[in-house]
Amino acid sequence: MKTYPYWWDTLEPQAASLKPPAPNPGTVPALDRQQAPSPQPQLPPSVDVAIIGAGYTGLSAARALARAGASVAVLERERVGWGASSRNGGQVLAGLKLDVGSLVDRYGEARAHELFGEAAKASAHLESVIASESIACDYARVGHLQAAWKRSHVEAFRREEALLARVFDHPVHVVGRADQAAEIGSTRYHGLLIDESSAAINPAKYVRGLANAARRAGVTILEHTRAEQVRRVGKRWSVGGGSLAIDAGDVLLATNGYTDDAAPALQRRLVPVGSYIIATAPLAPDAARALLPRRRMAFDSKNFLYYFRVTDDSRLLFGGRAEFGTADQLSTTRAASLLHRGMLDVFPQLAGVDIEYAWSGNVAFTRDEMPRAGRLDGLYYAGGYCGHGIAMATYLGDQIARRLAGEPIVNPLFDDRFAAIPLYSGTPWFLPLVGAYYQVKDWLQ
């Protein structure tokens, strides 16, 4: 079984050096030395903006800043897109992590409508970037389905359908269990909520294309370059560690679920949570089509949810937060076994099908499950996408870049007073307790 993301094997040789020979899941993979690494550009001594992290956020921001005339260097401790940007399930979902009922309860209808609108803007911006930069990333508006784990969840779907129509002017529709075979080849669920606006993407192809677009705009991307410290020097910043030092006018932290002690203020506000995925061997085309006949992105209504999709080469990708904690070798091994059992519970017809890939990565949660961008202690940041980051990270990276470039931009997700999490310094000791809480909720609800 391969212990790196399936997506890496879909890349052309230009980026195939992402693929490691590492035998252990959850570990930091070494480079495949049989693949020639990309030539490392010369380290610039001084730039207008230094960005830490070469995922969607950092690359989107770098592209926007360079197009505005700034000199930009992106520092990446691994390779472009090595983290969640190539480890996710390739689901570009409508809305935010927080469901619309919770949005309205917390913020009121007007503010909830505004925040939900930012997610729609994010999707539109993603499509604009893909089109304008001609990024070949298998993007397709296939919609998504949310599957009811319990009968009672169908009634919740109907309430959500009505609320989305009344407050957000966003159409969805409920499919009853008797009719769901046209959407999913499983009898495990009790009905579906269908949203036609979500999309599929190959995340590794997309992040590679975004990096190429940033380079074309004039951005310097430094891979295998860890920013060990960021310190103020007069009115500017020194970014680096060891023999590395870049002088920068401003710094953007774009590290999300991989934020470390080089950015202690942001580390106290973002919680890394492991997400895990397995992928089957290629299925016969008819068998793959029977699982999700309309090729929708799919997830269910549990707190400890499953999410799944069929790939272009007829594999089933099946993921979830199989346990609450940061991803490592042991948790990835445990999660792969749990996900395999879960997959067979949902799709028992896949018994006997080999699992060819198992991998993990970290997403970043905020305490209130809302993404943020802004400025902390003089450093710009964007993150906290809570597993909904493909479109939102691209969008907020662009938004914070425009603010950094001097535009008088206003966004309801900007937060320069982003509060730290009490009793937390970057090690999420409380995640097992949170996981137990959500397990109980799944039993009771």
Side-chain angles (χ1 to χ4, degrees), residues 37-83 85 129 133 207-256 258-267 373-383 393-409 414 416:
S38 303
Q40 184 80 327
Q42 185 175 357
L43 177 70
S46 180
V47 293
D48 294 325
V49 183
I51 296 175
I52 303 174
Y56 304 138
T57 304
L59 295 170
S60 177
R63 169 182 174 269
L65 285 162
R67 285 159 60 99
S71 59
V72 185
V74 180
L75 284 66
E76 168 56 51
R77 69 185 182 191
E78 296 293 341
R79 294 200 59 110
V80 163
W82 179 88
S85 294
V129 170
E133 297 290 357
V207 75
R208 182 185 67 178
L210 191 58
N212 289 339
R215 290 187 179 106
R216 287 194 298 270
V219 174
T220 299
I221 300 176
L222 300 161
E223 299 179 300
H224 306 298
T225 303
R226 181 174 182 177
E228 296 179 0
Q229 60 179 0
V230 181
R231 59 188 181 88
R232 191 60 114 159
V233 179
K235 294 184 178 181
R236 293 178 65 85
W237 296 92
S238 177
V239 181
S243 60
L244 166 72
I246 295 180
D247 170 71
D250 282 299
V251 177
L252 171 63
L253 305 172
T255 45
N256 204 41
Y258 295 86
T259 303
D260 60 19
D261 55 11
L266 188 59
Q267 193 180 31
R375 200 174 188 187
L376 290 171
D377 297 341
L379 300 169
Y380 291 88
Y381 77 94
T394 303
Y395 174 64
L396 277 187
D398 180 84
Q399 291 280 289
I400 198 65
R402 290 170 59 189
R403 175 182 165 182
L404 208 156
E407 288 190 44
I409 188 168
F414 283 176
D416 292 352

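Side-chain atoms are counted along with the backbone in the values below, which use heavy atoms only and exclude waters and symmetry mates. Numbers for residues simply follow the sequence, beginning at 1.
Note: Q229 CD to S238 OG = 6.5 Å, rounded to the nearest 0.5 Å. Between the CZ atom of R79 and the CZ atom of R208 there is a distance of 12.0 Å, given to the nearest 0.5 Å.
Annotation: side chain of I246 is in contact with side chain of L75 (closest heavy-atom distance under 4.5 Å). Within the 4.5 Å cutoff, no side-chain heavy atoms of E76 are placed close to those of L222. Using a 4.5 Å heavy-atom cutoff, the side chains of L404 and L65 are in contact.
Classification of R375 and D416 as a salt-bridged pair fails, no side-chain N sitting under 4.0 Å from a carboxylate O. Salt bridge absent: D250 and R236 never bring a charged side-chain N and a carboxylate O closer than 4.0 Å.
A donor-acceptor contact shorter than 3.5 Å is absent between the side chain of S60 and the backbone of G58. Judged purely by atom type and a 3.5 angstrom limit, S71 uses its side chain to pair as donor or acceptor with the backbone of D48. Between the Y56 side chain and the S85 main chain, a donor and an acceptor come within less than 3.5 Å of each other.
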Verdict with reasoning, R216 to E133, per salt bridge (charged side-chain N to carboxylate O under 4.0 Å, His left out): CA-CA 10 Å; R216 287 194 298 270; E133 297 290 357; 2.8 Å; yes
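Judged by the 6.0 Å and 45° rule, R403 forms no cation-pi pair with Y380.
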